[in-house]
2 protein chains.
Amino acid sequence: MARYQPGIRTEARIIAATGELLAEAGLDGTTLKAICDRAGIKAGSFYNLFSSKDEAVLRVVREAINAVDPHPEGSGPDTIAELVEAYARFITEQPVVARIYLQIAVRGGLTDNAMAARFLRHHEQRVRRFAAALAGDGAPDRSELIRAEVLVGTLNGLAFRWVLRPDFDFRTHLTAVPIDGRLAAGDVPAR
Amino acid sequence: MARYQPGIRTEARIIAATGELLAEAGLDGTTLKAICDRAGIKAGSFYNLFSSKDEAVLRVVREAINAVDPHPEGSGPDTIAELVEAYARFITEQPVVARIYLQIAVRGGLTDNAMAARFLRHHEQRVRRFAAALAGDGAPDRSELIRAEVLVGTLNGLAFRWVLRPDFDFRTHLTAVPIDGRLAAGDVPAR
DNA sequence: GCATATTTTGAGTGGCCGATCAAACTTTGC
DNA sequence: GCAAAGTTTGATCGGCCACTCAAAATATGC
């Protein structure tokens with residue numbers, strides 16, 4: 001870990017460079033050389049601060065995952081509309097982080113176990129949260145868990161579509177997502 | 001291209017090995033060495049029949065994409081229920097091909113342009129087909145196109161979820177997918 | 001069975017990957 | 001200003017990647 005000022009600044013530049021590359025070029029494009037070139041350092045400096053390339057990538061991914069839900073679970077009476085809106089804000093207001101999150105979700109899930117596990121844990125947590133909102137009072141039943149999984153699946157599906165082509169209008173399509181018989185658009189509170 | 005019998009058999013073994021590896025180990029795990037080892041040949045034989053590794057991968061992917069929709073567009077009055085059921089059958093009955101299809105969709109989409117373009121073209125074609133089914137007679141309007149995109153997005157989202165964990169029950173969750181105000185389950189015809 | 005075309009092999013190529021390390025340099029606390 | 005601790009550099013490592021090629025082996029048509 002960095003102790004002196006130069007090291008602290010370098011560490012920050014490495015994290016920034018890694019994040020930008022993950023969003024722009026995906027996991028394949030995020031090579032050690034690319035990170036170092038963008039951060040303006042040599043490989044040796046990188047390994048003075050990080051023990052491996054994966055450490056830097058995981059740091060960025062972890063931050064991206066945490067950025068999805070700013071306030072922790074249970075810290076407020078979530079409604080479905082609020083949860084959907086939070087997802088939409090994540091996509092539209094933090095596109096770089098969102099791209100990292102989704103890329104790692106699928107990419108990491110296919111090959112790397114650590115990333116897949118991390119993403120799945122977070123996914124399940126989110127589904128529980130959606131299910132709780134569907135249930136209102138009391139614990140969600142099986143039907144509500146399934147409906148929550150489908151709703152989160154829809155959001156993820158549209159988000160993947162957006163990753164494939166960034167000009168895909170996530171918000172517009174969100175208005176056609178059915179929630180409890182109504183459409184999401186009508187439920188989204190004004191910002 | 002193969003002209004003699006040994007070459008024809010080798011070509012088939014290469015395609016089979018490539019497909020198996022794509023499904024098992026993803027794009028990263030599908031190295032030239034892995035393909036050749038599984039096919040029981042040397043690299044030189046591979047390049048006698050294929051001009052590049054990508055050529056073999058693309059052949060498999062193309063076949064996987066074509067396998068999604070067995071009968072070509074316009075060859076029958078598709079209903080939404082039929083289209084959803086076709087997607088579900090693809091996932092549940094051809095899991096290997098489905099995994100390849102979805103992996104390439106996201107993986108290839110991020111780095112490789114040829115695969116991304118191919119997947120997107122196919123995706124848009126599918127959305128048009130869903131939209132036409134929603135519209136019934138006449139050309140689909142904007143609203144129907146958006147609803148079709150959301151519905152296909154939901155299917156993709158659930159499929160991605162299944163790729164992440166194969167024990168995810170795609171069919172059960174399909175019953176909770178809202179279609180035109182009703183649930184998909186009620187519309188799915190008996191097989 | 002022979003000439004020709006194809007296929008297979010084995011031994012390479014260069015290139016990029018992540019990672020290492022000693023030596024020079026810089027920052028920091030005192 | 002000095003010593004100790006941290007940082008940067010430049011050269012370098014072995015390994016795996018996709019790919020090549022001449023030469024040996026095999027298939028095919030006649």
Side-chain angles (χ1 to χ4, degrees), chain A residues 1-22 24-61 103-104 107-108 110-115, chain B residues 1-22 24-61 103-104 107-108 110-115:
Chain A
M1 203 179 65
R3 302 269 164 92
Y4 289 178
Q5 283 302 324
I8 292 168
R9 278 192 288 269
T10 300
E11 197 176 327
R13 282 213 309 280
I14 288 173
I15 292 295
T18 305
E20 290 167 20
L21 282 166
L22 282 173
E24 289 171 22
L27 201 49
D28 285 333
T30 309
T31 65
L32 194 73
K33 185 177 186 313
I35 294 173
C36 292
D37 284 353
R38 189 169 291 221
I41 56 166
K42 308 290 171 186
S45 275
F46 180 95
Y47 283 98
N48 178 47
L49 296 162
F50 296 84
S51 63
S52 71
K53 192 194 90 168
D54 277 7
E55 191 190 324
V57 170
L58 272 174
R59 276 261 295 274
V60 171
V61 171
Q103 285 183 29
I104 301 304
R107 264 306 304 280
L110 301 172
T111 49
D112 187 288
N113 281 334
M115 288 192 193
Chain B
M1 203 177 67
R3 302 269 164 91
Y4 289 0
Q5 284 302 323
I8 291 167
R9 278 192 289 270
T10 300
E11 196 176 328
R13 282 214 310 281
I14 289 173
I15 291 295
T18 305
E20 289 166 22
L21 281 166
L22 281 173
E24 287 172 23
L27 199 49
D28 284 334
T30 308
T31 64
L32 194 73
K33 183 177 189 312
I35 293 173
C36 292
D37 284 353
R38 189 170 289 222
I41 57 167
K42 307 293 173 185
S45 276
F46 180 95
Y47 284 98
N48 179 47
L49 296 162
F50 296 84
S51 63
S52 71
K53 193 192 88 168
D54 276 8
E55 190 189 326
V57 171
L58 271 172
R59 277 261 293 273
V60 171
V61 171
Q103 284 183 30
I104 301 303
R107 266 307 307 281
L110 303 174
T111 48
D112 188 286
N113 281 333
M115 290 190 192

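The figures here come from the full heavy-atom set of this structure, side chains too, leaving out hydrogens, waters and symmetry mates. Throughout, a chain's letter reflects where its sequence line sits, starting with A, and its residues are numbered from 1.
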Next item on the list: Apply the side-chain contact (heavy atoms from CB on, under 4.5 Å) test between B/Leu21 and each candidate in B/Thr30, B/Asp37, B/Val60; give the one that qualifies.
Entry: B/Thr30

Check: Pairs in or reaching into residues 5-18 of chain A: which pass salt bridge (charged side-chain N to carboxylate O under 4.0 Å, His left out), with residues at least two apart or in two chains?
Finding: A/Glu11-A/Arg59

Margin query: Can you list everything that forms a side chain to side chain donor-acceptor pair (under 3.5 Å) with B/Lys42? Sequence neighbours excluded, please.
Written below: none

Check: Of all residues at least two apart in sequence or in a different chain, which pass the side chain to side chain donor-acceptor pair (under 3.5 Å) check with B/Asn48?
Finding: none

Check: Which letters describe nucleotides 17-30 of chain C, given B = protein heavy atom under 4.0 Å from base, S = only from sugar-phosphate, - = neither?
Finding: SSBBB-----BS--

Note to self: Rounded to the nearest 0.5 Å, what separates atom CD in B/Glu55 from atom CG in B/Leu49?
What the structure shows: 9.5 Å

Note to self: Please report the interatomic distance CG(A/Leu32) to OG1(A/Thr18), rounded to the nearest 0.5 Å.
What the structure shows: 9.0 Å

Check: In chain order, what residues pass the side chain to side chain contact (heavy atoms under 4.5 Å, CB included) check against B/Ala12, with sequence neighbours excluded?
Finding: none

Margin query: Under the rule for side chain to side chain contact (heavy atoms under 4.5 Å, CB included), what residues qualify as partners of A/Ala16, not counting sequence neighbours?
Written below: A/Glu20

Note to self: Are there runs of at least three consecutive Watson-Crick or G-U pairs touching DNA chain D, with each pair's two distances under 3.5 angstrom? Give them by first number.
What the structure shows: C:1-30 with D:1-30

Notebook entry, point to check: Mind checking which nucleotides bracket the chain A contacts on DNA chain D, 5' to 3', with an atom under 4.0 Å from a heavy atom?
Noted result: D/dA5 to D/dG10

Margin query: Is there a side-chain contact between B/Asp28 and A/Asp28 in this structure, where contact means two heavy atoms from C-beta onward sitting under 4.5 Å apart?
Written below: yes

Note to self: Between P on C/dA5 and CG on B/Asn48, what's the gap in Å once rounded to a whole number?
What the structure shows: 15 Å

Margin query: Expressed as a whole number of angstroms, how long is the span from B/Lys42:NZ to C/dT7:C1'?
Written below: 15 Å

Notebook entry, point to check: Partners of A/Phe50 by ring pair (Phe, Tyr, Trp, His ring centres under 6.0 Å), sequence neighbours excluded?
Noted result: A/Phe46

